[in-house]
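Working notes, structure below.
Every chain is numbered from 1, with letters handed out A, B, ... down the list of sequences. Note that the coordinates shown come from a computational prediction; the quantities given were computed from them, not determined experimentally.
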Amino acid sequence: MSLMQVTDLTMRFSGIVAVENLSFDVQEGSITSLIGPNGAGKTSVFNCMTGFYKPTSGDIRFRDESLIGLKPYKITHKGIIRTFQNVRLFKNMTVLENVMSGAHSVSKQSVMGALLRHPAARREEKDILEYATYALEYVGIADKKNELAKNLSYGDQRRTEWARALTAKPRLLLLDEPAAGLNREEKNQLSMLIRDIRDDLGITVFLIEHDMDLVMHVSEHVIVVNFGTKIAQGTPQEVQSDSKVIEAYLGSQEDEDAAL
Amino acid sequence: MKLISKAYELMDNKLIRAGVLAAIFLIVASFPLYFNNHYINIMLIAMFYMLLALGLNVIVGYTGLCDLGYAAKFAIGAYTTGILVNVFEWSFWLTLPVSIAVSIVIAVIIGAPTLKLRSDYLAIVTLGFAEIVRITARNLSITGAASGLHGITRPELFGFRLTSFTHWFYVYLVLIVIFIIISFRIRHSRFGRALAFIREDEDAAQAMGVNTVLYKLYAYILGAVLGGITGSFYAVQMTSISPNSFDFTQSVNVLLAVILGGMGKIPGVIIGAAFFAIFPEIFRDIPFVGDMRMLFFGLLLVVVMINRPQGLWPDRLRANDKLPDKI
């Protein structure tokens, strides 16, 4: 069953076409990747899916509901959570507080809850704390929970972002270049984590990635874009042997000739 | 540096914290026993600034919004109470809910359209609004025009009229405790964390599901309500208010108190406000220097800000903190 459907998505920025007539599905319970060379429009697709951009035309549906025109926070409340390409943590707050932010969309106490601290507010606060602690343990940085986010190593900052996303108990997890800046060891942990997230927690994962190793290793379905349009899709093996994909990544023979 | 870490650790223990806070409260509460009216009056000014600074801290310190017209918020409370007591002869205590309601309405009117924009715009709009409030107050007859309102009746509490400096000292002390509890509860709640997320990174906050516009508005309303309440008490304590009490300098003073002490830190904000009220008073009595006290005060502010941009109150040190080269 498809969890998210992108239909004829087009995104233009004052004349420049970032995405054109792109359509694809994300199946429920799958690990799907969107790949493509630099500037292929991957992040624009991502930003359209999360409400940070309003697409020029086309439709994005999540569980048969259109997301077009919804503010990012509304989309998060529907169970879609994202991470950022260049880690965006709340730098001057502790790791635990950062991870607790994920719970915002699945909790509801507001001003009155804060001022009165009635039993419902206390219970909710306890639940948030418990689940955030669990998420920290899940990604393996529970011992760093009281550190300020800005003092963490890059790898741990990434982990904090994943824990933060998990705390939202999402249906769909969108990872924007999760392997960027990680070493080999950390990349291996990441691909195991992505599988665990899907297998244990039942969260559908959609990722944008540069790192071919990770994509081919972890994903079940791959969509390849170049110049904002889809050039191939299928299993990792299928796209790997697709001539158009090889061309997009390595450059075509004609380009080489022209360059010479 | 070690000492600060140790102190923070000790304060994490609930019993020790309660003990320390109770001790501070008792010491402060006994001040009227050994200080004369002159000093109590200075303390009242300091406490008044503390209340304003705690209110503004919700907007500036917790949420990271820039409000350059906080004077308007307490002017609204002060005039609401002043008019209701003087013209309509209401009891002071009944004016408080009205003052809160008026503060909320005004905060929504200013906040709703501007908080959708980048926070720089709020600074300009609040600055302009503060001037509008002051000039309106100066030109309306119900607000007593330029001379303001006089002879505002002092309130009674349990059949006991609040008149002396000492009475007001205790009223303000209770208010400060209430404001501290409110600030603390906000900071350590889902709501307060959301405000901090907005301050740290608005896009990421939005991606975590925070309705940033609404939460900024809540913070702005809360700050305005705390300011309004302070204004109401100020009106009956002073018994007279005039447009000059609410000029731009007042807004700047409160903002500086918050920044000087340390934005977002409750003890910092209190110390900043106390420093602000007491420092010029200490200098006043020194010959020669006394006349130039504001100059020295300005210099001191510059020095503090260069050396401690995060404010006077120290941060908790964490294991991985990179210590500055020179201590």
Side-chain angles (χ1 to χ4, degrees), chain A residues 50-52 71-84 87-95 97-117 121-122 124-125 128 143-144 146-153 156 161 164-165 167-168 170 174, chain B residues 5 8-9 12 58 61-62 64 104 116 178-179 181-215 217-223 225-226 262-265 310 315-323:
Chain A
T50 48
F52 280 86
K71 287 245 161 78
Y73 79 88
K74 282 250 162 106
I75 293 180
T76 306
H77 280 266
K78 296 207 178 291
I80 303 176
I81 198 126
R82 71 173 292 178
T83 65
F84 291 88
V87 187
R88 296 277 286 271
L89 292 176
F90 308 111
K91 291 199 177 70
N92 295 305
M93 301 176 79
T94 66
V95 171
E97 283 176 315
N98 266 280
V99 174
M100 285 164 94
S101 74
H104 189 91
S105 61
V106 284
S107 49
K108 55 179 192 292
Q109 292 299 329
S110 183
V111 186
M112 282 304 144
L115 295 181
L116 303 176
R117 286 211 178 165
R122 283 166 196 267
E124 189 182 89
E125 197 68 4
I128 293 174
D143 54 324
K144 304 215 167 73
N146 289 324
E147 305 243 345
L148 292 187
K150 64 177 176 192
N151 290 337
L152 293 183
S153 69
D156 284 344
E161 230 193 4
R164 179 171 80 176
T167 309
L174 304 175
Chain B
S5 301
Y8 265 109
E9 251 169 57
D12 278 343
V58 175
Y62 286 173
I104 293 175
K116 286 180 186 151
I178 294 172
F179 276 29
I181 293 173
I182 291 175
S183 301
F184 184 85
R185 289 194 160 190
I186 291 173
R187 176 66 190 87
H188 298 276
S189 68
R190 172 179 178 269
F191 171 66
R193 280 194 305 273
L195 298 184
F197 302 148
I198 293 172
R199 181 192 66 210
E200 293 288 316
D201 187 331
E202 210 171 322
D203 282 342
Q206 172 88 225
M208 289 305 116
V210 179
N211 183 346
T212 50
V213 176
L214 185 68
Y215 272 65
L217 186 61
Y218 281 158
Y220 190 65
I221 291 172
L222 252 159
V225 166
L226 294 181
M263 285 190 277
K265 289 172 274 191
Q310 73 276 46
D315 287 304
R316 172 191 290 254
L317 286 177
R318 321 249 169 196
N320 264 355
D321 262 351
K322 288 159 198 76
L323 289 175

- Message: Show, in sequence, the C-alpha distance, side-chain angles and deciding distance for B/Arg185 and A/Glu125, and conclude whether the salt bridge (Lys or Arg N to Asp or Glu O under 4.0 Å) test is met.
- Response: CA-CA 12 Å; B/Arg185 289 194 160 190; A/Glu125 197 68 4; over 6 Å; no
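- Heavy-atom minimum distance, B/Lys116 versus B/Val213: CG-CG1, 3.9 Å.
- Comparing B/Ile182, B/Ile186, B/Leu222, B/Asp203 by heavy-atom pairs within less than 4.5 Å of chain A, the highest count is held by B/Asp203.
- B/Glu200 pairs by the salt bridge (charged side-chain N to carboxylate O under 4.0 Å, His left out) definition with nothing, not counting sequence neighbours.
- Using a 4.5 Å cut-off between heavy atoms, A/Thr50 makes no contact with chain B at all.
- Interface remark: of the candidates A/Lys74, A/Glu97, A/Glu124, A/Lys71, A/Glu97 forms the most heavy-atom pairs closer than 4.5 Å to chain B.
- For A/Leu116, the part lying near chain B is the backbone, with the side chain staying farther off; criterion is any non-hydrogen pair under 4.5 Å.
- Residue B/Tyr215 touches chain A through its side chain alone, counting heavy-atom pairs closer than 4.5 Å.
- With a threshold of 4.5 angstrom between heavy atoms, A/Leu115 approaches chain B through its backbone and through its side chain.
- Of the listed residues (A/Ser105, A/Pro72, A/Ala168), the one with the most heavy-atom contacts under 4.5 Å to chain B is A/Pro72.
- Using a 4.5 Å heavy-atom threshold, the side chains of A/Met93 and B/Phe197 count as touching.
- For chain B, the nearby part of A/His77 is the side chain; its heavy atoms alone come within less than 4.5 Å.
- Residue pairs meeting the salt bridge (charged side-chain N to carboxylate O under 4.0 Å, His left out) criterion with at least one member in residues 75-84 of chain A, sequence neighbours excluded, are A/Glu65-A/Lys78, A/Arg82-A/Asp176.
- With B/Tyr218 contributing its side chain and B/Leu195 its backbone, the two residues share no donor-acceptor pair below 3.5 Å.
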